[in-house]
Structures are given as structure tokens and as C-alpha cells.
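The chains referred to below are lettered A, B, ... by the order of the sequence lines, with proteins before strands, and numbering in each begins at 1. For the numbers below, each heavy atom of this structure counts, side chains included, while hydrogens, waters and symmetry mates do not. It should be emphasised that the depicted structure is a prediction, and the values quoted were computed from it without experimental measurement.
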Amino acid sequence: MASNVSRVYIEVIDDVVGKVRDEFINYGAGEAVLNELQSLWEMKMVQMGAISGNIERPAAASRQPGQVNPVHDLNVPYEGPTEEYETPTAEMLFPPTPLQTPIQTPLPGMEQGMYNIPTGPSDYAPSPLSDMRNGVDMKAPRNNHYMQPPSPWMAARPLGVDVNVAYVEGREDANREAPHQPATQMVQMQDFFTAPTGKRKRDEFPSQMPPGSYNMPQQDGSSDAIIEFEVSNSSLQVDRRHEKATGKGAKECSSIPQRDGIDDEYESLFPLTPAPAEDYNNVVQTPAEHVELRAPTPVVAVGTPKPTPIAAGDDEEPPLNEDDDDDDDLDDLEQGEEEPTTQHLVLAQFDKVTRTKNRWKCTLKDGIMHLHSRDILFNKAMGEFDF
Amino acid sequence: MATFELYRRSTIGMCLTETLDEMVSNGTLSPELAIQVLVQFDKSMTDALESQVKSKVTIKGHLHTYRFCDNVWTFILQDATFKNDEINDTVNRVKIVACDSKLLSQ
């Protein structure tokens with residue numbers, strides 16, 4: 001126990017006792033009660049080890065219960081300003097004038113409730129930060145969904161010789177224009193909408209696929225295929241094969257977007273949407289072929305109708321960390337139970353709390369720390385936490 | 001002047017509330033006066049920390065939980081280290097409760 005902590009505590013006690021004295025007198029409680037209060041308070045503090053047993057305060061000896069100090073009157077002018085901190089000596093000797101009126105306090109007579117402070121463990125309220133984060137998470141997969149990543153193609157380019165690519169492209173266009181005139185136009189429109197690079201045209205063959213599957217990540221498979229075919233031979237048949245290939249790709253894609261089903265899954269994680277139940281029913285009720293078609297999806301859907309913590313743990317890339325809340329709540333409960341035993345507590349005021357990524361920084365001031373059952377006071381504290 | 005009831009949870013505050021509880025329940029003190037004492041304690045403790053305490057502390061640790069509710073930050077740290085010129089304490093779990101200092105100046 002640092003001696004200065006003890007000293008501060010004693011000063012606080014004296015300050016409080018000195019400043020409520022008038023209230024006590026006004027209420028008719030009398031100084032005896034006040035002195036009882038003080039001695040009880042100090043006794044408890046000593047028992048807790050918060051202040052040292054022998055309270056050495058300069059004027060303590062002169063202060064006996066009920067005793068009126070004869071010097072009192074002489075020093076009246078001195079006792080005016082009670083707003084600011086006074087040294088214990090002055091206070092003990094000269095009780096303050098009834099200048100100050102304490103602020104209004106909640107209803108009298110509430111035995112338990114009156115000591116409550118609003119800072120206790122309250123229900124979890126999602127902070128704006130976490131909302132923001134969730135928002136970002138929500139958008140991420142969708143963006144992937146809509147954006148054709150040009151990178152695979154760009155990456156593939158250096159593999160082939162540039163000359164070949166140019167040559168292929170020209171021929172392709174020729175082939176395409178003859179039999180699939182309308183398709184090409186559609187392609188170009190789509191091109192326009194998706195703002196592709198020049199080379200992207202090649203990827204537009206699968207435009208005859210259902211529009212819904214347009215977003216599949218076709219570059220990987222089909223562009224490779226294109227290079228193969230086009231380098232080797234250049235007949236219409238090849239073109240058709242190519243279409244077939246891409247068509248197959250489309251079918252694959254019809255299953256791949258279900259992996260986009262990460263999205264669905266993600267949405268089903270929201271507690272308010274009834275999606276999980278629906279998915280579940282669909283799986284049960286759909287005809288066999290349908291199930292077959294959507295084979296990859298139902299598994300996922302069945303697996304995740306209810307985001308149990310276990311499932312979330314097994315999931316390699318959990319779309320959201322919402323389950324963490326549950327964990328935290330549980331932890332809070334646990335912690336609430338074990339708090340009496342390991343009670344390390346810091347009570348302070350914060351000046352600033354900032355976060356960058358998972359690094360939290362906060363500046364605290366005017367704090368009381370209770371660590372290893374001893375009290376430490378601080379004027380300033382810098383906290384650096386990683387979440 | 002606004003005050004925080006925050007410090008009532010400290011050792012000195014708990015001792016005071018216990019004392020007041022006893023005195024109120026055995027009839028020596030009226031609940032109104034007890035509340036006055038507590039309010040005065042809030043002020044005196046805040047003042048004393050502001051004017052009497054000069055030490056600085058650094059806190060490092062793993063942030064297990066954070067919460068900002070009703071202008072109160074709550075952090076639960078794991079394996080937190082507290083350092084100043086006198087102490088170098090490590091605790092496996094500590095809770096930090098901090099009120100907004102700007103509210104006091106209002």
C-alpha cells in the first residue's frame with residue numbers, strides 16, 4: 001500500500017466529512033452521527049488495508065466526537081471557499097459555511113438502489129463500430145459477386161505469346177459474327193455495362209447462357225480453354241466445342257454461385273430472417289432432380305440453418321463474427337460470477353479512445369486501480385490493447 | 001457540477017457505502033443524509049484524484065471485450081500489465097470502467 005494512496009484516502013474522508021457536516025446539522029443528525037460515520041468508514045478502510053492502521057493526520061488528535069473547537073469562531077473568515085480542495089487541517093478545524101448545496105439526488109429511501117452506479121455490467125449494446133464492420137463484411141462478398149476480376153486473365157496473358165492472342169482474337173470475331181450475330185450484340189452490350197478491357201471480348205462467348213449465370217468466374221476455366229483451342233485449330237466446330245465447354249462451365253457455374261451461397265448462408269445467419277427455416281424446408285421438399293441439381297447447396301444449407309458456435313468454429317472462413325457476441329455474453333456471465341474472487345478493477349475517466357484495426361489506444365485520467373487487493377491511484381494512464 | 005458515481009465502486013467508496021448502509025439500517029442515519037454523503041464523496045474523490053495524484057501509468061494487454069454504452073467505456077483485458085515508477089503488475093483479467101471526462105466539465 002503506497003503511503004500516498006493512504007494519504008489521499010484520508011484526505012477524501014476528511015473532505016467528505018467536513019463538507020457534509022452542515023447537512024448533518026441541518027437535518028438534525030448532529031455531529032455525533034457524523035463522527036460515527038467517519039470512524040466506521042475509517043475502520044472499514046483499515047480492515048480492507050486501504051489505509052494504514054495509524055491514521056496520522058496533523059489535527060486528528062484535537063478532533064474528538066462532539067467536541068467544539070474553541071478556536072472555531074476566530075477563523076471564520078478563512079472558511080469561505082469550500083468549492084476548491086482544502087487541506088485536511090483547515091477543514092477539520094473549521095467546518096465550512098453552508099454555502100454549498102449538494103445537487104439533487106434520486107429518491108430518498110431506496111435502500112439498495114441508491115448506491116447503484118450506472119456503469120455496471122449492462123446489456124451488450126452493439127457499438128457503431130461493430131455495425132460499420134458488419135456493413136463492410138456484408139458488402140465484401142457481394143462485390144466479389146458482381147465484379148469480374150480481371151486479374152486471372154491479365155495473369156494468363158503473359159503465359160501465351162502476345163502475337164497469338166491478337167491473332168486468335170481476330171479470328172474469333174470473324175467466327176462469331178457469322179453464326180451468332182445477335183449474340184454478339186448482346187455481348188457487346190454486356191461488355192458495355194461491365195466496362196471490360198479490350199481483351200475481355202473473348203470471354204463473352206458464354207453469353208448464351210442464362211443471364212443469371214453471367215457472373216460466374218468463367219475466366220479461369222474458359223479462357224484457358226480458349227487459348228488451347230484457338231492455338232491448335234480454328235474451325236467452326238471448335239467454336240462449338242468451345243461453346244459447349246463454356247456451357248459446361250455455365251453449368252458448373254450454376255453450382256458455383258451456390259458457393260456464392262456463402263451469401264445465402266451469410267444472410268441466413270441473421271437472426272431475424274427466416275431464411276434458415278426456408279432453406280431447410282426447400283431441401284426437404286424439393287423433387288429429387290432439383291436436389292440433384294443443387295446438390296452442393298443443400299449440404300451447406302443443412303449444415304448452417306442455425307449458426308451454432310460449433311459450426312462457426314469449424315467453418316474455415318466464417319462470414320461474420322456474430323457468434324462472438326454470444327461468446328462474449330457467456331464470458332461476461334462467467335466473469336460476473338467469478339468477479340468476487342478475482343476482482344481487478346480500474347475505475348477512471350477517459351479522455352480519448354481510438355482504434356486502428358485491432359489496436360486500441362486509450363488515455364485515461366483520474367483513476368483508481370484495484371490490483372491484487374491493493375489500490376493504486378493514477379493521474380494519467382495510457383492504454384494499448386490488441387483485440 | 002456533475003459528478004460520477006463511478007468511484008463508489010472503489011475500496012474507499014465501498015467502505016463508505018457499507019458504513020452508510022449499516023447506519024441507515026440501524027436508524028442512526030436518514031437515507032437522505034446518506035445520499036448527501038455519497039454525492040459529496042463523488043465530488044471529493046474526483047477532486048482529490050485531480051489535484052492530489054500525479055502518477056502516470058501505462059497499461060498493456062489483450063483486449064478481450066470492449067463496450068461503449070451510455071458514455072461509459074468498459075474494457076476487459078487479459079494478461080494486462082500495469083506499469084509506473086512504483087509498480088509492475090500483471091493480472092490475468094482486469095476490468096476497466098471509464099466515464100467520459102468531458103461530461104465533468106459541463
Side-chain angles (χ1 to χ4, degrees), chain A residues 2 8-9 11-12 15-16 19-20 23-24 27 29 33 36-37 40-41 44-45 48 50 85 102-103 105 108-109 114-115 117-119 122 124-125 127 328 342 344-351 353 360 364-366 368-372 375-387, chain B residues 5-12 15-19 23 28-33 35-37 39-41 44-63 65 67-70 72-73 75-77 82 86-87 89 91 93-101:
Chain A
V8 172
Y9 279 173
E11 285 174 2
V12 170
D15 194 37
V16 171
K19 285 179 178 171
V20 297
E23 294 296 326
F24 272 66
Y27 274 87
V33 177
E36 185 187 341
L37 166 66
L40 255 177
W41 189 4
K44 285 182 189 297
M45 295 286 284
M48 296 287 290
Y85 182 81
I103 54 175
T105 45
M114 68 178 169
Y115 303 133
I117 49 177
T119 61
S122 52
Y124 176 79
S127 70
D328 284 350
T342 63
H344 306 299
L345 184 63
V346 177
L347 306 166
Q349 302 168 32
F350 68 86
D351 278 335
V353 176
W360 288 74
L364 309 176
K365 69 170 200 176
D366 297 349
I368 304 176
M369 302 192 292
H370 187 73
L371 306 173
H372 299 300
D375 282 14
I376 299 150
L377 310 180
F378 64 79
N379 176 250
K380 266 205 183 320
M382 296 290 302
E384 286 188 20
F385 321 132
D386 58 321
F387 181 65
Chain B
E5 302 176 1
L6 173 79
Y7 300 121
R8 292 182 195 180
R9 281 165 84 179
S10 64
T11 312
I12 181 172
C15 289
L16 175 61
T17 51
E18 277 176 29
T19 305
M23 293 180 70
T28 44
L29 193 65
S30 70
E32 294 88 346
L33 263 184
I35 290 173
Q36 305 280 7
V37 174
V39 171
Q40 182 55 53
F41 167 77
S44 299
M45 193 68 231
T46 310
D47 289 349
L49 284 171
E50 228 172 80
S51 59
Q52 302 288 302
V53 181
K54 297 295 172 214
S55 67
K56 289 189 175 23
V57 180
T58 58
I59 309 170
K60 284 194 189 353
H62 173 69
L63 182 59
T65 304
R67 176 189 305 141
F68 183 63
C69 189
D70 293 336
V72 177
W73 271 108
F75 300 109
I76 293 174
L77 302 185
F82 295 81
E86 288 179 17
I87 56 161
D89 276 0
V91 295
R93 193 179 182 101
V94 62
K95 184 167 173 177
I96 299 178
V97 181
C99 297
D100 193 342
S101 65

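- A:Glu23 CD to B:Ile35 CD1: the interatomic distance, rounded to the nearest 0.5 Å, is 12.0 Å.
- A pairwise comparison of heavy atoms in B:Val91 and A:Leu371 identifies CG1-CD2, 4.2 Å as the closest pair.
- Side-chain N or O atoms of B:Thr28 include none that pairs as donor or acceptor with a backbone N or O of A:Val33 at under 3.5 Å.
- Interface residue A:Met48: only side-chain heavy atoms are found under 4.5 Å from chain B.
- Taking all atoms of both residues into account, the shortest heavy-atom contact from A:Leu37 to B:Met23 is CA-SD, 3.5 Å.
- With a 4.5 angstrom heavy-atom cutoff, B:Lys60 touches chain A via backbone and side-chain atoms both.
- Contact annotation: the side chain of A:Asp366 approaches that of B:Tyr7 to within less than 4.5 Å [non-hydrogen atoms, C-beta and beyond].
- One finds the CD1 atom of B:Ile12 at 5.0 Å from the CH2 atom of A:Trp41 (value rounded to the nearest 0.5 Å).
- Looking at heavy atoms from C-beta onward, A:Lys19 lies out of side-chain contact with B:Phe41 at the 4.5 angstrom threshold.
- Contact check for A:Ile376 versus B:Glu86: no side-chain heavy atoms found under the 4.5 Å cut-off.
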*Step-by-step side chain to side chain contact (heavy atoms under 4.5 Å, CB included) determination, B:Thr46 to A:Gln349*: CA-CA 10 Å; B:Thr46 310; A:Gln349 302 168 32; 3.8 Å; yes
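- Using a 4.5 Å cut-off between heavy atoms, A:Leu364 touches chain B through its side chain atoms alone.
- Taking each heavy atom of A:Leu345 and B:Arg9 in turn, the nearest pair found is CD2-O, 4.2 Å.
- B:Phe82 is not listed as a side-chain neighbour of A:Phe378, based on a closest heavy-atom distance of 4.5 Å or more.
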_Run the side chain to side chain contact (heavy atoms under 4.5 Å, CB included) test on A:Met369 and B:Ile87 for me, step by step, so that the C-alpha distance in whole Å, both residues' side-chain angles and the decisive distance to 0.1 Å come before the verdict._
CA-CA 12 Å; A:Met369 302 192 292; B:Ile87 56 161; 4.1 Å; yes
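- Across all non-hydrogen atoms, the minimal contact from A:Asp351 to B:Ser101 is OD1-OG, 2.6 Å.
- A 4.5 Å side-chain heavy-atom check between B:Phe75 and A:Phe350 finds every atom pair outside the cut-off.
- To the nearest 0.5 angstrom, B:Lys56 atom NZ is 10.5 Å from A:Met382 atom CE.
- Within the 4.5 Å cutoff, side-chain heavy atoms of A:Phe24 are placed close to those of B:Leu29.
- Under the rule for a salt bridge (Lys or Arg N to Asp or Glu O under 4.0 Å), A:Asp386 has no partner lying at least two apart in sequence or in another chain.
- For a residue to count as touching a neighbouring chain, one of its non-hydrogen atoms must lie under 4.5 Å from one of that chain's; by this rule B:Asp100 touches chain A with backbone and side chain alike.
- The two atoms that bring A:Ala348 and B:Leu6 nearest to each other are O-CD2, 3.0 Å, heavy atoms only.
- The shortest heavy-atom contact between A:Met45 and B:Thr11 is SD-O, 4.1 Å.
- Residues A:His344 and B:Leu77 form no side-chain contact, since every pair of their non-hydrogen atoms from C-beta on lies 4.5 Å or further apart.
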*Would A:Ile368 and B:Met45 count as a side chain to side chain contact (heavy atoms under 4.5 Å, CB included) if you check the C-alpha gap in whole Å, the side-chain angles of each, and the deciding distance to 0.1 Å?*
CA-CA 10 Å; A:Ile368 304 176; B:Met45 193 68 231; 3.7 Å; yes
